[in-house]
Each structure stands twice: as C-alpha cells, then as structure tokens.
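Take a look at the structure set out below.
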There are 2 protein chains.
Amino acid sequence: MTERKKLTLKDIAKELGVSISTASRALKSHPDIAEETIRLVKEYAEKHHYVPNYLAVNFRKNKTFTIGLIVPELVHHFFSTVISGAIDEAKKQGYNILVSQSNDILADELTACQTMLGSSVDGLLISISNETMEGEHLNEFINEGRPIVQFDKITDQVKSPKVIVDDFEGAYQAVKHLIEMGYKKIAHMRGRLEVKNANDRCEGYQKALQDFGYGLNKEWVKNCVLINEKEGYDFAKELMESDNPPDAFFCITDLVAIGVMKYLKDHGFKIPSQVGVVGFSNWKLAEVVSPGLSSVEQHGYDMGKRATRLLIDLIKNHNLDSEETIQIKTKMIVRESSQMKGKNL
Amino acid sequence: MTERKKLTLKDIAKELGVSISTASRALKSHPDIAEETIRLVKEYAEKHHYVPNYLAVNFRKNKTFTIGLIVPELVHHFFSTVISGAIDEAKKQGYNILVSQSNDILADELTACQTMLGSSVDGLLISISNETMEGEHLNEFINEGRPIVQFDKITDQVKSPKVIVDDFEGAYQAVKHLIEMGYKKIAHMRGRLEVKNANDRCEGYQKALQDFGYGLNKEWVKNCVLINEKEGYDFAKELMESDNPPDAFFCITDLVAIGVMKYLKDHGFKIPSQVGVVGFSNWKLAEVVSPGLSSVEQHGYDMGKRATRLLIDLIKNHNLDSEETIQIKTKMIVRESSQMKGKNL
DNA sequence: CTGTTAGCGCATTCAG
DNA sequence: CTGAATGCGCTAACAG
C-alpha cells in the first residue's frame, strides 16, 4: 500500500507559479514558450519524476497508441513469429500490442473483437479463424473509424489491406524443386477445402505438375483436416500401401511432413533416396529432425512487421479505404529430405 | 472515411429528456432508478448501438483492465504456452493483455516497462531477462500502486509474488529416472551460472546423484550459454571423446538435448541402449524427433493462468505487499531416449 | 511569450 | 426517484 500520489501538471504549475497550459507546452518544447521557462519546467518535472497521466492524454486525444492483434493460435511457431515481428515494429513506432487468440473458434474471435473494440485499440491486425465465414465483426472496426489489416488467413468479405504469404508460388517452388531432384510421382497432403491458403498451395502444386508435363493423379491428393502428424502418418500409410505409391510428398505443413517421415522411416523407406518429403512453414523442428526436412520459409517475422507498419500508416493517415495487398515471397529451404542425389547412400 | 460519430450519454439523455446522470445510472440498473426509466434508456441505447467510451471510463476510474506481460522471447515454445494461458485467463476475467518481449536484453526490458507504465496497465506479469540484475524498474510499478507478479525467470531483488516451476524437483526426477533406468554416468548440460532456473536444475541433478550414491564428476557438467543445438552437439562431442565418457545426458533444455542426440546418432552411439538423453521443457519437437526425447513438462499454460489469476486478485484487492510464491509441479515425460531396457534392440 | 477558458465523456456527490 | 454540478488531467483555441 506504498502508493504515492501522482504528480500532475497542475501541481507543477502551482509550484512554479505558471499556468497549467504553460507547463504543458513547456514540456513539449512548444516554440511559443521561453527557453528559460522550458528549462525550469523540465527541470522540475525531471526532478520530481513527473509522468503524464496517459489515461487522460489518450482520453483527450481519443487515441490509445495501442493496436489489437488476433491470431487463431498463439502456441504455433508461425504465428508467434508474426507476433514477434508485430511487437518489434509496434514498439519502434511507439505503439503497444494487445494480443488475443481465437483458437479457431468463431465465438472466441467475436469476443476478442468485442474486447478489442471496448478497450479502444486504434486499429486491428487479424488472422481469421477457420470458422470465420463473414466479416461483420470486422467491419465494425472500420465503421468506427479504426483501420484493420488482415494477414495470412484472410477473407475477401472484408474490404481491408491484406498481408499474405505467396502460398501459390511457395507451393509451386516446392514441387518444382521435387521434380528437379528427380521425383516423378508427387503426392500432396493438402489442408481444408474452405481455407484459402490450402487452396492456393494446392493450386501451386497442380500448376507445377502441369508446367513440367506431369498429370494430376487425384488419388495422390489427400485432405488433411487436423493438420497434425497423425494425419500425415495415416495418409502416408494409405498411399504407400496402395497399388501406385508416390515417390514424394509435398505437405501443407511441417507437422504433417513429420508424420509422413515417421511412417516412411518406420517402414523402411529411405528418405530421400526412395521417397522425398517437403513441408511448409519451416518450423524449428524441420531443422532438428533427421533427416532435415526441406520446407518453405514464410518469413513470419517480416510479415508481422509489414502488417504492423501498414496498419500504423493507415491509423496515422486516417485511411479506411485501402485494399492494398502485400505478398510476402517465400523461400525454399532445401535440407536432406528432398535430395534424391542421395539415392546411392 | 465512413466514420459515424459516436453516441454519448449526453445524446441519449437529451433525446429521452432525462439527465446524463440518470441515463448513466439507468444503464447500470442502479436501484435508485425507476424500472420504467431503466427500460426506456436501455431500449434506446440498445437500438442505437450505444457503446460507452471506454477511454473516458478508464480515465474516470483510473483503471484500464489491461495487464502487461513481458517475456524474454516470444518465439519460444514454453513462453508462448505461458502467454496463451495468461491470455485465456485474462479474457475470462475481462482483462486484456499487452504483450512485449525483452530479447533477453536489459535495455529492451526497461523500454518495455516504460511503455507499459505509460499505457497505464493495471498490473504487470514479467519473466526477467538474463541481463536483469536489479529491479528498480519493477519497483516503479509497485510504487505507482500497480502490482506485479514474476514468473519463471525471477529475481529476489523485487518483493512480489512469484510463480515458478519447481526446477529443482523436475531435475531431480529426471536424473532419478535415468538412474532407475540403469544409467550410471550421467552428465549434465547446464545453463548459465547467473540464472536461477539453471542453478536450481543443477542442484536437483546433484542431489539426485548424491541420494542414489553417485559422486559428482565435475567434468561431466558443462555450462551452456547460448542453449542451442550446437552447444549440445559440441559438448557431447567433447565428453564422448574424453577418456571417461558419460552414458547419459540430462540437458537444461530440449534444444540442447537434440544437439546431443544428433552428435550421438552421427557417431554411431545407440540411443537409448548405449546412451540415454533427457531434456527439459517438453517442447513439441521432443515428441516428433526420433527417438522420442524424454523431457520434463513445465505446464506453461497452467503457469500463465495461475500467474494471471494471482495478479488480477492483487489488482482487485489493491494488494501490493504479497510475496506469495506458487511452485508449479513438473512432470517427467518418458519417451524412448531414456529407456535403457531397449539395450538389446 | 503566457494565462484564461472550455471541454473531452463519464461517474458521483449532493440536493432536491 | 431524478437532476445539477463538479472534476478527473490534459490539450488547444483564444485572448491578451
């Protein structure tokens, strides 16, 4: 209960025999104020540890210098990377970040938005949940004059700027890489049909096959729903036991790829000499697993920074109509799991 | 630029021909107000989507219902788990969380604290950086009447409640497990000498050795600084190439353990039949690596929830003097990497 | 160069 | 049961 009462502008004004507004302006080195006065006020403020009451400042200015950030899952390598970038960029620009997660549940996303609106964030960064089909809750922000920027998992239902990974190109490069390494029967463990990222990656996969003269074998395309190792393992089993097993797997995410690799290793298939595997996202675990898993780097940190920079610009310019879309280029990270030259090892 | 001007209490008061204070009280179903009036006001507010200006409310009440959370690193499985728990608990209690990271750099931690103070959080959750040696910046919060709760990486320099993992016991159990599995020459890859968690784990390691009648061989204790795979790999190499190589490794964290395993696999040592390995933290990668890495689960999510609950209690009770310490029990997760019975596989 | 004044939106005390 | 009045701390327009 040590609490000492806070020093206010009024206190320092009274103490120094100036008016409150003079004190206020002096602290901001307003050109109207005499050098001497400024010095005096600043000195006093410094000495007595004056700290402005930001609640009052924010109230007055109707701004909080805080932005909201909602992701589906916080405990997720990619998203935590994005958040990290967002926080670093925000800090640089003097903004704070309020973080929340939806757990891929629409109701949770709605609540989070409500709280964010309530706590008066100046703008919102959001990656929507799998369940989000329409964007009324997001439009509310825009209607209230607070810009939003969507990233990674987006919906076109909401008119706003977007920062996305070039999923199509990333997938294309991954499959191209597999083809160049000599694999000829490339399967794809894809994600949910309703999720844009999954569709884009699947299209990249198909386009690459097509461009290099391979047909699409639909049996080699499997729909993952939970996107975890078990699905990877099970689908790998299904395909490898079929009459026409593939010789490579391009997986929607690293976790699925790990499951595939586990099945392959458990059943004596050599990676990469017999079967190649490529994941997506380049999680830490792609690096430490053996053989090292080739994967597509999404530059999450950069995405977080760019999205935040964009949002803060919109806030500053009071711009609510932008629909600018930034595509983050992916990068193919080649490790052992896809290097067929290892055939004779 | 669609912005519609916000409805205020004044507007609805004028519209309904009542006073502002009546409107205000009606919305809160104050007992003084007539049922009928309450109904009227609420109906109007509802119909016109009245939303209180929280900036004004917060300013008036001098509260933000926001708490700050600072961790060394956001992209880190354990910390993101803690954050996840903190956010979920905070949400349940109507609080928001402002997240920041120090990158284990003192200067960044100071800045983060400054911003948090500035944005008037009601309280602070913090896990300090490796560089933090004294806690003046934390005491500032307490002096301003805002409670803080330290978690995981803590300093006794600051009088505050703490939520910590029982590192000693976790380490003890891990080493006990290795001993029970039949390993007799257990090395320890420890963390920095200045970090409490590292010391506690090292003590648990030593105590277990002692309790089971093993002496401490100082050559088998290595100081990791960066706490990454490379250090694990390099120290494993050093030890395994020495005159008296250990037959098991207890590592300060999973990443180091992965490095150790990599060295062992690369050089033909069988895990776990020849050499056992146990990590700490139970990251996702412990589960997916092969052989599966035995590890000590720290229950980060639970830690986040408990710390948050504690902090909110302190805020509500305006309690700044508590020094309560909660110890979170660890759990030994046994996977293949430490099961010597596999000797004859 | 400085002071006076007004007001942001709301909660609350004090009178009726 | 209701209204008038006050002030939270700060900013900014306006007046000297």
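Every chain is numbered from 1 and lettered A, B, ... according to where its sequence line falls, protein lines coming before strand lines. The basis for the numbers below is simple: all heavy atoms, side chains too, and nothing from hydrogens, waters or symmetry mates. What you see is a predicted model, and the numbers here were worked out from it, not measured in a lab.
Shown here are the salt bridge (Lys or Arg N to Asp or Glu O under 4.0 Å) partners of B:E136, two or more places apart in sequence or in another chain: there are none. Qualifying side chain to side chain contact (heavy atoms under 4.5 Å, CB included) partners for B:R60, counting only residues two or more places apart in sequence or in other chains: none. For B:N53, the side-chain hydrogen bond (donor to acceptor under 3.5 Å, both in side chains) test picks out no residue, with sequence neighbours left out. In terms of the ring pair (Phe, Tyr, Trp, His ring centres under 6.0 Å) criterion, residue partners of A:H76 (sequence neighbours excluded) are, by chain and number, A:F79, A:W283.
Evaluation of the salt bridge (charged side-chain N to carboxylate O under 4.0 Å, His left out) test over residues 7-19 of chain A, restricted to residues two or more places apart or in two chains, returns none. Listed by first and then second residue, the ring-ring contact (aromatic ring centres under 6.0 Å, His included) pairs that reach into residues 107-127 of chain B come to none, sequence neighbours excluded. Screening residues 104-136 of chain B for ring-ring contact (aromatic ring centres under 6.0 Å, His included) gives no qualifying pairs among residues at least two apart or on separate chains. Evaluation of the ring-ring contact (aromatic ring centres under 6.0 Å, His included) test over residues 93-151 of chain B, restricted to residues two or more places apart or in two chains, returns B:F65-B:Y95.
Remark: side-chain polar atoms of B:R146 are paired, donor with acceptor, to backbone N or O of B:V121 under 3.5 angstrom.
Recorded end-axis angle for the helix from C:dC1-D:dG16 to C:dG16-D:dC1 stands at 50°, based on five pairs per end and rounded to 10 degrees.
Distance A:N62 CG to D:dC10 C1': 14 Å, rounded to the nearest Å. Note: CZ (A:R25) to P (D:dC14) measures 13 Å, nearest angstrom. Atom pair A:L27:CG and C:dT2:P shows a separation of 13 Å (rounding to whole Å applied). Rounding to whole angstrom units, CD1 of residue A:I12 and C1' of C:dG3 are separated by 15 Å. For B:K61 and C:dC10, the NZ to P distance is 12 Å, given to the nearest whole Å. Distance A:L55 CG to C:dG9 C1': 14 Å, rounded to the nearest Å.
The shortest side-chain heavy-atom distance between B:N197 and B:K153 falls under the 4.5 Å cut-off. Put simply, the side chain of A:P72 does not reach to within 4.5 Å of the side chain of A:Q101, judged on heavy atoms. For the pair A:L124/A:L138, a side-chain contact is recorded, criterion being any heavy-atom separation below 4.5 Å from C-beta on.
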Every protein N/O within reach of nucleotides 7-9 of chain D N/O, cut-off under 3.5 Å:
| residue | atom | partner | partner atom | Å |
| --- | --- | --- | --- | --- |
| D:dG7 | N2 | B:R60 | NH1 | 3.2 |

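The stretch residues 31-42 of chain A has no heavy atom under 4.0 angstrom from DNA chain D at all. Applying a 4.0 Å cut-off to non-hydrogen atoms, the residues of residues 14-22 of chain A that approach DNA chain D are A:I20, A:S21, listed by residue number.
Rounded to the nearest 0.5 angstrom, B:K316 NZ and B:D122 CG are separated by 11.0 Å.
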